[in-house]
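The structure under discussion appears below in the form of structure tokens.
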Amino acid sequence: MRRTFLGAGLALLLTVTACSGPEPTAVAGPTPAGTPAGTPTASRQDAAEADRTLASLRRVDDLPMWEMTFVGDYDPTVGTDAAPPSPFGCSLFAASGDPSRPLFARNFDWEANPALVLRTDPPDGYATISLVDMSYLGVGADPTGDRRLLNAPLLPFDGMNERGLAVGLAADDGATVRAEAGRPTVGSVRILRLVLDQAATVDEAVAVFGRHNLDFDGGPPLHYLLADATGASAVVEFVDGTMRVEKGRGGWQALTNVPVIGVPEERRRTDHRYGLLAAALARTGGVVDDRAALELLNDVRQGHTRWSVTYGLRTGEIHLRTATGTGRRYRLPVTLP
């Protein structure tokens with residue numbers, strides 16, 4: 001909420017250490033460069049808020065990776081032609097063996113695109129820190145001043161909100177969706193924004209998924225991992241057009257690019273990355289700290305892993321490592337139930 005990010009309330013630690021409705025109105029200010037006139041954008045800011053957002057952009061890594069604080073409001077439902085990532089990989093896990101320090105971790109595996117660490121604090125949603133692949137915004141090598149950045153809230157590829165709810169995605173070639181009458185349709189990446197803005201728990205996040213039809217057009221089908229500050233976790237998959245959910249048990253849950261729901265564990269472990277994650281997490285009963293989680297992510301990293309990140313779901317601590325080997329730390333104040 002507003003108290004978390006704006007002004008002195010922002011608690012950000014940085015350490016450099018070696019993954020259908022009416023058409024909305026346009027963004028305040030001029031049309032973003034390279035965008036056809038009249039194209040809807042996410043921003044619901046006034047001109048001063050948009051300028052403050054763009055002025056907050058700074059380069060923090062040679063990946064390249066940037067940081068930006070979004071000031072003001074946005075419409076998470078506005079249309080966009082951005083597409084989900086290709087099925088190049090991604091590895092995720094939730095570890096809750098230590099109930100006092102549940103953790104969510106993921107590798108984002110994709111092309112050599114610039115990335116953005118984005119802070120948002122909408123007036124009617126939870127404050128979040130999320131990671132964005134900037135290529136899907138259409139911005140160039142130097143995004144400074146590019147108003148297409150005002151659409152960045154629409155495309156979180158993973159993130160955590162102030163209630164300790166985290167979510168990430170991975171490709172699942174076998175997933176299919178079937179539209180249900182009466183439900184709005186949203187993009188398969190956009191749903192992460194709605195979850196982060198609206199859900200405080202895994203059950204609430206699953207309910208957000210259940211209220212929407214997902215659109216996989218323009219990119220690969222996806223499945224999702226959710227986790228919250230209570231230690232709960234869940235995989236959301238789409239099997240034969242129907243949304244299915246598997247809750248975590250045994251202190252951990254993992255996800256790569258193979259289906260898990262309805263698949264025996266021994267068969268899941270034939271996938272190399274899933275097998276490595278499962279063996280390590282089962283060995284410790286899902287007890288891992290940030291350092292161990294990053295090392296486990298390193299064990300399953302690929303040549304095209306762009307970032308590895310861990311989210312402390314009760315501590316609010318975020319540890320990020322980019323493909324360049326640079327590490328950064330953030331802290332999002334978490335309000336526990």
Side-chain angles (χ1 to χ4, degrees), residues 13 15 17 19 90-108 129 131 158-170 199-203 205-206 223-236 245-256 258 260-261 263-301 305 307-321 327-337:
L13 304 179
T15 305
T17 62
C19 193
C90 295
S91 304
L92 307 89
F93 66 87
S96 58
D98 179 352
S100 68
R101 297 183 69 87
L103 181 143
F104 184 96
R106 78 98 102 247
N107 282 345
F108 180 68
I129 291 180
L131 284 156
D158 55 71
M160 179 178 70
N161 68 23
E162 64 177 296
R163 297 304 300 276
L165 185 281
V167 60
L169 56 79
T201 66
V202 164
D203 286 343
V206 169
H223 55 182
Y224 307 84
L225 182 64
L226 310 163
D228 68 29
T230 72
S233 67
V235 167
V236 176
V245 178
E246 180 178 288
K247 296 291 186 69
R249 57 186 184 277
W252 62 273
Q253 198 165 20
L255 192 67
T256 56
V258 295
V260 297
I261 296 180
V263 178
E265 180 67 15
E266 59 271 20
R267 183 175 166 192
R268 300 179 190 183
R269 294 196 189 198
T270 61
D271 176 74
H272 176 68
R273 284 178 288 119
Y274 183 95
L276 286 174
L277 293 175
L281 293 166
R283 201 162 44 240
T284 66
V287 178
V288 293
D289 59 16
D290 300 311
R291 183 187 298 272
L294 283 170
E295 290 311 305
L296 183 50
L297 290 175
N298 189 61
D299 291 341
V300 294
R301 68 173 286 111
T305 298
W307 68 74
S308 302
V309 62
T310 67
Y311 296 97
L313 304 180
R314 294 182 71 86
T315 65
E317 295 173 357
I318 301 168
H319 296 255
L320 173 66
R321 183 183 294 165
R328 302 190 70 79
R329 296 177 59 196
Y330 302 87
R331 184 172 180 273
L332 174 64
V334 171
T335 303
L336 299 175

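Each residue takes its place number in the sequence, starting with 1.
Rounding to the nearest 0.5 angstrom, the gap separating the CG atom in Leu277 from the CG atom in Leu92 is 9.0 Å. Taken from CG in Leu226 to NZ in Lys247, the straight-line distance is 10.0 Å, to the nearest 0.5 Å. Note: Glu246 CD to Ser233 OG = 9.0 Å, rounded to the nearest 0.5 Å. The structure places OG1 of Thr310 at 11.0 Å from CZ of Phe104, a figure rounded to the nearest 0.5 Å. Here the straight-line distance linking atom CZ of Arg163 with atom CG of Asp228 works out to 10.0 Å at 0.5 Å rounding. Distance check, rounded to the nearest 0.5 Å: CZ of Arg269 to CG of Leu276 gives 10.5 Å.
When each of Asp158, Leu103, Val334 is checked for a side-chain contact (heavy atoms from CB on, under 4.5 Å) with Tyr311, only Asp158 meets the rule. Of the candidates Leu225, Leu255, Leu169, Leu169 is the only one forming a side-chain contact (heavy atoms from CB on, under 4.5 Å) with Arg106.
Heavy atoms only, all atoms of each residue included: Val260 and Ala254 are closest at CG1-O, 4.4 Å. The minimum heavy-atom distance between Val202 and Ala234, with the atom names listed, is CG1-CB, 3.6 Å. Nearest heavy atom pair, residue Thr305 against residue Ser308, reads CG2-OG, 4.1 Å. Contact detail for Ala170 and Cys90: the closest heavy-atom pair is CB-CB, 3.9 Å. Taking every heavy atom of both residues into account, Pro99 and Pro102 meet most closely at O-CD, 3.5 Å.
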What side-chain donor-acceptor pairs closer than 3.5 Å can you find for residues 286-297, not counting sequence neighbours?
| from | atom 1 | to | atom 2 | distance (Å) |
| --- | --- | --- | --- | --- |
| Asp289 | OD1 | Arg291 | N | 3.3 |
| Asp289 | OD1 | Ala292 | N | 2.8 |
| Asp290 | OD2 | His319 | NE2 | 3.2 |

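No hydrogens or angles considered: nothing links the side chains of Thr201 and Asp203 as a donor-acceptor pair under 3.5 Å. If you check the side chains of Arg273 and Thr256, you find no donor sitting under 3.5 Å from an acceptor.
With Arg314 contributing its side chain and Ala229 its backbone, the two residues share a donor-acceptor pair below 3.5 Å. Within the 3.5 Å criterion, the main-chain N or O of Ala227 finds no donor-acceptor partner in the side chain of Gln253.
Under the side-chain hydrogen bond (donor to acceptor under 3.5 Å, both in side chains) criterion, Thr270 pairs with no residue at all, not counting sequence neighbours.
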Glu265 and Arg268: CA distance, side-chain angles, deciding distance, salt bridge (charged side-chain N to carboxylate O under 4.0 Å, His left out) verdict: CA-CA 5 Å; Glu265 180 67 15; Arg268 300 179 190 183; 3.5 Å; yes

